[in-house]
Number of protein chains: 2
Amino acid sequence: MVMGSMRKAKRSYDPAAMRARILDVASAAFQSRGYHSTSTHDIMREAGITGGALHHHFPTKKSLGLAVINERVAAAVEEAWINPVRRARTATDGILRAFENIAESLDKQGKVLGCPLNNLAVELSTADPEFQAAVTQVFQAWTSTIAEKLKADKSQFAGRIKPDELATLVVASYSGAIALAKAQQSSEPLRICARQLGKLLSGSADRG
Amino acid sequence: MVMGSMRKAKRSYDPAAMRARILDVASAAFQSRGYHSTSTHDIMREAGITGGALHHHFPTKKSLGLAVINERVAAAVEEAWINPVRRARTATDGILRAFENIAESLDKQGKVLGCPLNNLAVELSTADPEFQAAVTQVFQAWTSTIAEKLKADKSQFAGRIKPDELATLVVASYSGAIALAKAQQSSEPLRICARQLGKLLSGSADRG
DNA sequence: TATCAAACAGGACAACCGGTCTGTTTTTTG
DNA sequence: CAAAAAACAGACCGGTTGTCCTGTTTGATA
């Protein structure tokens with residue numbers, strides 16, 4: 001070990017970047033290993049930071065978990081579902097494309113880690129009221145966006161279907177499908193559910 | 001503290017009952033708190049046993065977890081889904097009744113703890129291959145039973161629908177619905193999904 | 001430039017975790 | 001009925017966990 005040439009890396013003193021790096025590492029770790037199986041020391045090591053830095057930005061592990069849900073997980077749901085559905089031509093189109101896009105990205109990756117929201121929802125909902133509230137809020141935004149798009153679709157005349165209920169089924173089907181996908185490490189459940197869901201969505205348009 | 005009148009409870013030396021009690025406590029604890037959040041000491045204390053007894057029947061925590069999945073969780077799925085669906089008049093009838101029965105039992109209980117299979121599937125599938133295999137097997141038995149019932153239904157003429165795919169959607173919808181129910185601590189998502197799913201199931205019968 | 005708070009570094013700690021070990025009691029076996 | 005095996009009791013251990021504490025360095029402020 002040559003010590004003479006080793007200089008300590010200077011501190012960057014960029015609190016925003018530090019906080020972002022912690023959230024990056026934490027959200028990735030929580031998704032792949034889960035909240036309880038990830039220790040604060042794991043996060044410190046993977047992020048290359050010390051306990052002081054972690055404690056400064058997130059005094060407790062719980063506060064870090066809440067920040068991951070409110071900032072990273074919410075943003076992920078927005079990118080994968082909320083924005084695509086809003087921009088889509090029709091609700092059905094946006095929903096089925098979201099399924100397909102996620103299924104494709106799963107095939108590209110080696111492992112199926114599951115939906116970050118669903119993972120934390122199942123693990124932490126009953127563990128803590130604050131976690132539950134944070135998770136519920138993201139689910140709510142997700143569901144209501146789909147419901148709004150369904151209402152906006154001109155092909156569905158008012159009263160024939162219940163957009164809020166149909167949106168709930170879509171979210172539930174996706175969450176369950178990705179849970180199945182995680183269990184059998186395959187994207188097939190996602191594609192299967194998309195196909196079957198498509199029948200209901202197209203059927204609702206002309207039958208109600 | 002009066003010690004003179006205290007007698008040590010005699011050992012029962014009933015290994016089957018001891019093993020059953022451990023599985024009772026463990027499966028209940030795993031469902032309400034999750035696998036990783038439940039310590040072996042928790043189980044020992046709640047079951048009123050010592051480390052020696054626990055280690056004798058289940059040398060490792062993992063072996064206990066596998067036994068819970070293979071014996072208790074599998075049995076729970078059989079009782080709540082597999083047997084009711086087999087005995088039902090039609091597949092649609094059995095499926096919707098299973099949703100409704102579970103929703104009712106959730107209302108009776110104070111808390112929504114989620115589906116024991118789904119909980120452990122999400123928490124442990126990526127953590128260990130043996131857990132994944134055990135979970136997948138239960139999912140498989142569940143799905144194939146529904147698919148078989150769908151095939152047996154005379155109202156669905158052959159080729160019009162894909163029973164295996166429809167069964168996957170049913171299981172996924174239920175798993176996701178109960179995840180939503182757990183998140184918002186309400187049985188509503190379950191009832192909503194049952195209603196929406198009913199449209200697809202009845203529609204499949206006469207339209208395909 | 002002196003002052004002060006924010007932003008880290010890094011060690012320490014009590015509690016806890018899963019697993020092991022030795023010993024004792026009961027049942028089963030030969 | 002002796003011997004062996006099974007079924008426990010209960011203490012113990014090394015490693016890990018989340019959190020806290022004391023410094024030190026930097027940027028903001030006045």
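Quick note on labels: first sequence line is chain A, next is B, and so on, each numbered from 1.
- Between A:Glu46 and A:Arg33 there is a salt bridge, with a side-chain nitrogen of the basic residue lying less than 4.0 Å from a carboxylate oxygen of the acidic one.
- B:Arg89 and B:Asp153 are not joined by a salt bridge, as no carboxylate oxygen comes within less than 4.0 angstrom of a charged side-chain nitrogen.
- Between A:Met18 atom CE and C:dA9 atom C1' there is a gap of 10 Å when expressed in whole angstrom units.
- Applying the salt bridge (charged side-chain N to carboxylate O under 4.0 Å, His left out) rule to pairs touching residues 48-57 of chain B yields nothing, sequence neighbours excluded.
- A rotation axis mapping the C1' atoms of four pairs onto the next four is fitted at both ends of the helix from C:dT1-D:dA30 to C:dG30-D:dC1 over five pairs, and the angle between these axes is 10° to 10 degrees.
- Ion pairing between a basic and an acidic side chain is recognised when a charged N comes within 4.0 Å of a carboxylate O; B:Asp93 and B:Arg97 show such pairing.
- Using a 4.0 Å cut-off between charged side-chain N and carboxylate O, A:Glu104 and A:Arg191 make no salt bridge.
- Nucleotide D:dT16 holds its C1' atom 13 Å from the CE atom of A:Met44, rounded to whole Å.
- Using a 30° and 60° split on the angle between ring planes, B:Tyr174 and B:Trp81 fall in the perpendicular class, above 60°.
- Summarising the geometry, the separation between CG on B:Asp14 and C1' on D:dA7 is reported as 11 Å, rounded to the nearest angstrom.
- Applying the side chain to side chain donor-acceptor pair (under 3.5 Å) test to A:Ser37 and every residue at least two apart in sequence or in another chain returns B:His36.
- Taking every heavy atom of residues 33-43 of chain A and every atom of DNA chain D, pairs under 4.0 Å involve A:Thr38, A:Ser39, A:Thr40, A:His41, by number.
- A salt bridge links B:Asp42 with B:Arg45; the closest basic N to acidic carboxylate O contact falls under 4.0 Å.
- Spacing between atom CZ of B:Arg19 and atom C1' of D:dA6 amounts to 15 Å, rounded to whole angstrom units.
- B:Leu106 CG to B:Lys108 NZ: the interatomic distance, rounded to the nearest 0.5 Å, is 11.0 Å.
- In this structure, B:Lys62 is not positioned above the aromatic face of B:Tyr35 in the sense of NZ or CZ being under 6.0 Å from the six-membered ring centre and within 45° of the axis.
- If you take OH of A:Tyr13 and P of D:dT26, they are 6 Å apart, rounded to a whole angstrom.
- Annotation: proximity of residues 49-62 of chain A to DNA chain D (heavy atom, distance under 4.0 Å) is found for A:His55, A:Thr60, A:Lys61, numbered in ascending order.
- A search for side chain to side chain donor-acceptor pair (under 3.5 Å) contacts involving B:Ser175 returns nothing, not counting sequence neighbours.
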